[in-house]
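Only heavy atoms go into these numbers, but all of them, side chains included; no hydrogens, no water, no symmetry mates.
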There are 2 protein chains.
Amino acid sequence: MPEAKSAREQTKERHRRALIEATADAIAEHGLAKVSVSRILEKAGLSRGMVNLHFSSKNNLLLAVAQQFSEDYTSHWIVAMERAGSRAEARLRAIIDADFDPVVLNRRTMAVWFAFRSEAHSSPEFMPFIDSRDAKMQRTITSICRELCERGANPGTDPQIAALSIIALLEGLWTDYYLHPDRFDRDTARAVVLHTARAFFPDSFDA
Amino acid sequence: MPEAKSAREQTKERHRRALIEATADAIAEHGLAKVSVSRILEKAGLSRGMVNLHFSSKNNLLLAVAQQFSEDYTSHWIVAMERAGSRAEARLRAIIDADFDPVVLNRRTMAVWFAFRSEAHSSPEFMPFIDSRDAKMQRTITSICRELCERGANPGTDPQIAALSIIALLEGLWTDYYLHPDRFDRDTARAVVLHTARAFFPDSFDA
DNA sequence: GCATGATGAATGAACGTTCATTCATTGTCA
DNA sequence: TGACAATGAATGAACGTTCATTCATCATGC
């Protein structure tokens with residue numbers, strides 16, 4: 001047993017999580033601009049003072065939500081990549097697949113991501129949590145591309161440009177889903193990214 | 001002379017525009033969630049009643065801003081494309097260049113676009129104005145791709161997939177600029193899109 | 001060309017509502 | 001019983017909107 005938590009600590013933790021989930025629900029339903037403490041507490045089924053008790057301010061709760069979603073996204077693609085083994089091609093495929101996994105790419109999650117992104121420029125404290133495809137992911141994909149360049153001996157391919165293209169494509173397809181979730185097709189999206197990967201690395205990513 | 005407007009009508013129109021510009025400034029500075037009528041009027045240098053006098057409500061003013069930016073974007077790429085002449089390759093190049101033109105791709109404009117996008121799902125009245133690369137642009141680019149397929153006789157290229165890829169890339173690179181305006185390089189961005197275009201249509205888009 | 005009444009753009013104090021936050025009180029485990 | 005999580009009424013600031021009033025501009029009559 002790692003920690004034997006008392007019943008008290010357990011409900012406290014449960015309430016903390018409930019507030020974060022309720023806030024995400026409220027953002028998805030009403031939009032960040034219309035999210036109020038009252039609406040959050042209504043969704044969570046908790047009393048008025050709870051937000052300030054657990055997070056000391058509404059803004060801190062919003063920060064906790066942003067952090068939660070950021071960490072969930074990052075750990076998701078890292079786990080997927082590591083499960084894929086050590087081959088560069090398999091690792092890149094796993095990252096791409098992870099990006100279109102319904103666990104990540106769904107209406108609620110996108111609503112939260114895009115909401116925080118749009119407020120981060122005027123509230124810089126959100127900045128660390130809005131960059132889904134952050135420096136770490138960029139380094140990872142760039143090094144995969146570099147490996148593919150060396151192995152496949154593609155003289156014309158710049159790993160930096162390849163990585164930038166793939167990441168921008170992932171971003172753009174997220175936006176496509178966000179704007180038109182009904183007409184978005186996950187298989188087509190994956191095919192588009194793999195098509196681009198194949199354009200850079202003809203030896204890999206066979207259809 | 002098209003219309004001889006009275007001095008009264010001129011100042012009225014000037015105030016209307018001032019409110020729209022001030023609202024865009026306020027969104028860029030404070031974020032949509034923190035834009036209040038007071039802040040807008042402070043920036044515009046006008047009196048309290050002006051928003052409701054000209055737009056009847058704050059929400060209608062926000063709608064007018066969204067519409068303005070949407071129309072400006074659309075007319076910009078259409079003018080650029082038509083100036084490029086009738087050749088398919090030149091037209092696509094013009095659309096790509098237009099998308100990275102500082103007139104369109106700048107901090108203020110992106111702040112406004114992304115702000116409205118993030119609120120449109122909970123306030124559907126904004127929906128008609130948030131889809132920069134809308135159905136019209138998609139039809140245009142798809143038909144250009146179809147023409148390039150036929151002329152160049154690229155048997156393996158699906159014009160739909162090519163158009164989707166290019167549009168998603170443009171979207172993704174906008175997001176890239178929005179998240180990191182300082183480290184964004186317009187020339188690299190253009191090169192990335194042209195590189196992808198070349199992958200689909202090897203006969204065209206020479207570097 | 002000038003005087004005069006009509007027009008409606010502009011103003012800003014006031015309104016009711018909603019907001020995030022506080023804190024004295026209550027309830028519940030250890 | 002002591003410690004602390006939970007409650008919800010109370011608070012004042014900020015919100016969008018209203019509206020009686022003001023006054024520069026315009027149309028009209030002479």
Could you give the CZ-to-P distance, from Arg16(B) to dA9(C), as a whole number of Å?
13 Å
Nearest whole Å is fine: how far is dT21(C) C1' from Leu61(A) CG?
14 Å
Basic-acidic side-chain contact under 4.0 Å: Lys43(B), Glu29(B)
yes
Check the distance between dT17(D)'s P and Met50(B)'s CE and give it to me in whole angstrom.
16 Å
Distances under 3.5 Å between nitrogen or oxygen atoms of protein and nucleotides 27-30 of chain C:
from, atom 1, to, atom 2, distance (Å)
dG27(C), N2, Arg8(A), NH2, 3.3
dT28(C), O2, Arg8(A), NH2, 3.0
dA30(C), OP1, Ala7(A), N, 3.4

Residues Lys136(A), Asp131(A): salt bridge by 4.0 Å N-O rule:
no
Which listed nucleotide (dT22(C), dT7(D), dA5(D)) is nearest to the side chain of Asn52(A)?
dT22(C)
Atom CG of Leu62(B) to atom C1' of dG16(D): distance rounded to whole Å?
12 Å
Could you tell me whether Asp176(A) and Arg133(B) make a salt bridge, using a distance below 4.0 angstrom between a side-chain N and a carboxylate O?
no
Look at the side-chain N and O atoms of His15(A) and state whether any lies under 4.0 Å from the OP1 or OP2 oxygen of dA6(D).
yes
Return the value, rounded to whole Å, for the distance between atom CG of Leu46(A) and atom P of dA20(C).
16 Å
Hey, is the side chain of His54(A) poking within less than 4.0 Å of OP1 or OP2 on dA6(D), counting only N and O atoms?
yes
Expressed as a whole number of angstroms, how long is the span from Leu53(B):CG to dT11(C):P?
9 Å
Rounded to whole angstroms, how far apart are CG on Asn60(B) and C1' on dG16(D)?
13 Å
Output the single nucleotide from dT17(D), dA20(C), dA6(D) whose closest atom is nearest the side chain of Arg48(A).
dA20(C)
Would you say that more than 12 heavy atoms from the other residues, nucleotides or ligands in this model lie under 6.0 Å from the CZ of Arg108(A), or not?
yes
Phe55(B) CZ - dA10(C) P separation (whole Å):
12 Å
Which pair of non-hydrogen atoms, one from Pro124(A) and one from Pro128(A), has the smallest distance, and what is that distance?
O-CD, 3.9 Å
So, with a heavy-atom separation below 4.0 Å from DNA chain C, the residues of residues 29-44 of chain B are none
Under the criterion side-chain contact (heavy atoms from CB on, under 4.5 Å), I'd like the reasoning laid out for Ile144(B) against Leu148(B): C-alpha separation, chi angles, the key distance, then a yes or no.
CA-CA 6 Å; Ile144(B) 290 175; Leu148(B) 287 168; 4.0 Å; yes
Where does the angle between the aromatic ring planes of Phe200(A) and His195(B) fall among parallel (under 30°), tilted (30 to 60°) and perpendicular (over 60°)?
parallel
Between Arg93(A) and Glu89(A), is there a side-chain N and carboxylate O pair less than 4.0 Å apart?
yes
Arg17(B)/Glu13(B) salt bridge by N-O under 4.0 Å criterion:
yes
